[in-house]
Amino acid sequence: MDIRQKLFFIAGADFFQRQRAIESLKKRVLKSNSSSLNTSIIYCKDIDSKDLQEKVLTKSFDSRQIFIFKDCLKLSTVDREFILANLKKILSGAYIVLETEKNHYSIQKEKKISTDKFFSFVLKHAAIIRVSSYKKYITIVDLIYSLKRQDLSSSLYILESLFKEGVNQRLIGPQVIGILTNSFSRTQDINRRKRCLDYIWQADRLIKEKGENPRLVIESLLVKLSQFS
């Protein structure tokens, strides 16, 4: 097995370039075979180790798997050791994409990472994809465009960035609620429109009346609404 055909490491600060690299990989994989591609996005800071082990070792008979590890430098020691020990078994029926916003040069120079058994293996054997280390300033307009494209991954990233970048956080929640309400009010399917607007109304109440964290509420809302895309 040529590991570089199945294991990929994408590094660089530009989120949108990382996304394009992932989409390009998917097209390359599908071009070689007409079967469907099952994508699993794994957020490394929130991994349940038992769930991860079951997921990556379960083979699908009607499609191939691609596991995308977001913020992969936050993989725990336990998870890194498990993946490395079972790598050939996992790659026999799947592809792995490890993604980080840290640039490749910095990773190589950081001894804690470069001397780690798992990451030193990845840096030596994976196909390395370097993207720009320039980080674009995110605005609410970027969120509007990503929502129109129904790009959940980009929308969640942009939302998180907006809450980090010192903008007035009290305004973000109502702005996003307004954008979503306007968007789904135009939906032709009456049942879909009603269901989505109910979710949006519930989220608005959680923020305004219950005082819950706007970022967490809207993240959950976007995931729910993505089911109706």
Side-chain angles (χ1 to χ4, degrees), residues 15-27 29-31 34-43 45-48 51 54-55 58 60-68 70-71 97 99 136-165 167-229:
F15 171 82
F16 299 104
Q17 284 195 29
R18 296 200 308 270
Q19 284 296 100
R20 283 195 287 272
I22 289 171
E23 292 307 313
S24 178
L25 283 175
K26 288 182 182 178
K27 289 177 182 177
V29 169
L30 286 173
K31 190 175 181 180
S34 60
S35 66
S36 60
L37 186 64
N38 209 351
T39 302
S40 294
I41 297 176
I42 300 165
Y43 293 91
K45 64 180 181 180
D46 300 319
I47 284 179
D48 178 301
D51 179 60
E54 290 178 356
K55 183 178 290 185
T58 301
S60 174
F61 293 101
D62 60 349
S63 65
R64 285 167 299 159
Q65 300 273 88
I66 181 167
F67 297 107
I68 301 171
K70 298 278 188 179
D71 207 0
V97 177
E99 181 191 352
K136 178 180 179 292
Y137 182 74
I138 302 295
T139 70
I140 197 73
V141 175
D142 294 308
L143 182 61
I144 292 171
Y145 285 141
S146 71
L147 291 172
K148 284 183 178 178
R149 294 195 308 269
Q150 299 180 348
D151 186 340
L152 177 61
S153 183
S154 292
S155 297
L156 291 174
Y157 169 80
I158 292 168
L159 184 68
E160 184 177 3
S161 298
L162 287 171
F163 276 97
K164 280 181 179 178
E165 290 181 353
V167 294
N168 192 330
Q169 296 191 11
R170 290 180 304 169
L171 297 178
I172 296 174
Q175 278 185 306
V176 177
I177 293 292
I179 291 166
L180 291 170
T181 301
N182 182 56
S183 175
F184 283 96
S185 293
R186 302 174 185 175
T187 303
Q188 297 299 314
D189 185 320
I190 296 174
N191 291 327
R192 178 172 177 262
R193 181 172 68 231
K194 182 180 184 306
R195 191 77 178 272
C196 291
L197 290 176
D198 282 346
Y199 280 138
I200 295 168
W201 182 84
Q202 290 166 16
D204 187 55
R205 295 304 92 196
L206 287 174
I207 294 171
K208 292 179 178 176
E209 295 181 1
K210 303 289 185 180
E212 295 198 19
N213 186 305
R215 180 177 67 82
L216 297 179
V217 171
I218 294 173
E219 282 181 354
S220 176
L221 173 62
L222 292 180
V223 172
K224 288 177 181 176
L225 294 176
S226 70
Q227 300 170 12
F228 296 92
S229 298

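Considering all non-hydrogen atoms of both residues, Ser155 and Leu222 come closest at CB-CD1, 4.1 Å. Between Ile172 and Leu162, the shortest heavy-atom contact is CD1-O, 3.5 Å. Nearest heavy atoms, Ile68 versus Glu99: CG2-OE1, 4.0 Å.
The only option from Thr187, Asn182, Thr181 that meets the side-chain contact (heavy atoms from CB on, under 4.5 Å) definition with Ser185 turns out to be Thr181. Checked options Leu156, Val141, Ile158; the residue passing with Ser146 is Ile158 (criterion: side-chain contact (heavy atoms from CB on, under 4.5 Å)).
In this structure, Asp189 CG and Arg195 CZ are separated by 11.5 Å, a value rounded to the nearest 0.5 Å. Once rounded to the nearest 0.5 Å, the distance linking CG of Leu206 with CG of Asn213 reads 11.5 Å. Interatomic distance, CG of Asn38 versus CZ of Phe67, reported as 8.0 Å (0.5 Å rounding). Note: Lys55 NZ to Ile42 CD1 = 5.0 Å, rounded to the nearest 0.5 Å. Rounded to the nearest 0.5 Å, atoms CD1 (Ile200) and CG (Asp204) are 9.5 Å apart. Distance CZ/Arg193 to CD/Gln188: 7.5 Å, rounded to 0.5 Å.
The side-chain hydrogen bond (donor to acceptor under 3.5 Å, both in side chains) check on Lys194 picks up Asp198, with sequence neighbours excluded. Among residues two or more places apart in sequence or in another chain, the side-chain hydrogen bond (donor to acceptor under 3.5 Å, both in side chains) test is passed with Asp48 by none. Not counting sequence neighbours, the partners of Glu209 by the side-chain hydrogen bond (donor to acceptor under 3.5 Å, both in side chains) test are Arg205.
Side-chain N or O atoms of Ser226 include one that pairs as donor or acceptor with a backbone N or O of Val223 at under 3.5 Å. Not one N or O on the side chain of Ser220 forms a donor-acceptor pair closer than 3.5 Å with the backbone of Leu216. At distances below 3.5 Å, at least one donor-acceptor pair connects side-chain atoms of Asp142 with backbone N or O atoms of Thr139. No donor-acceptor pair closer than 3.5 Å links the side chain of Ser24 to the backbone N or O of Arg20.
Comment: Glu23 does not engage Lys27 in a salt bridge, judged by the lack of any side-chain N to carboxylate O separation of less than 4.0 angstrom.
Counting non-hydrogen atoms of other residues, nucleotides and ligands closer than 6.0 Å to OH of Tyr43 gives a total above 12.
Put simply, the side chain of Leu221 reaches to within 4.5 Å of the side chain of Ile177, judged on heavy atoms.
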Inset, instruction - Please test Ile66 against Ile22 for side-chain contact (heavy atoms from CB on, under 4.5 Å), starting from the C-alpha separation and ending with a verdict. - result: CA-CA 10 Å; Ile66 181 167; Ile22 289 171; 5.5 Å; no
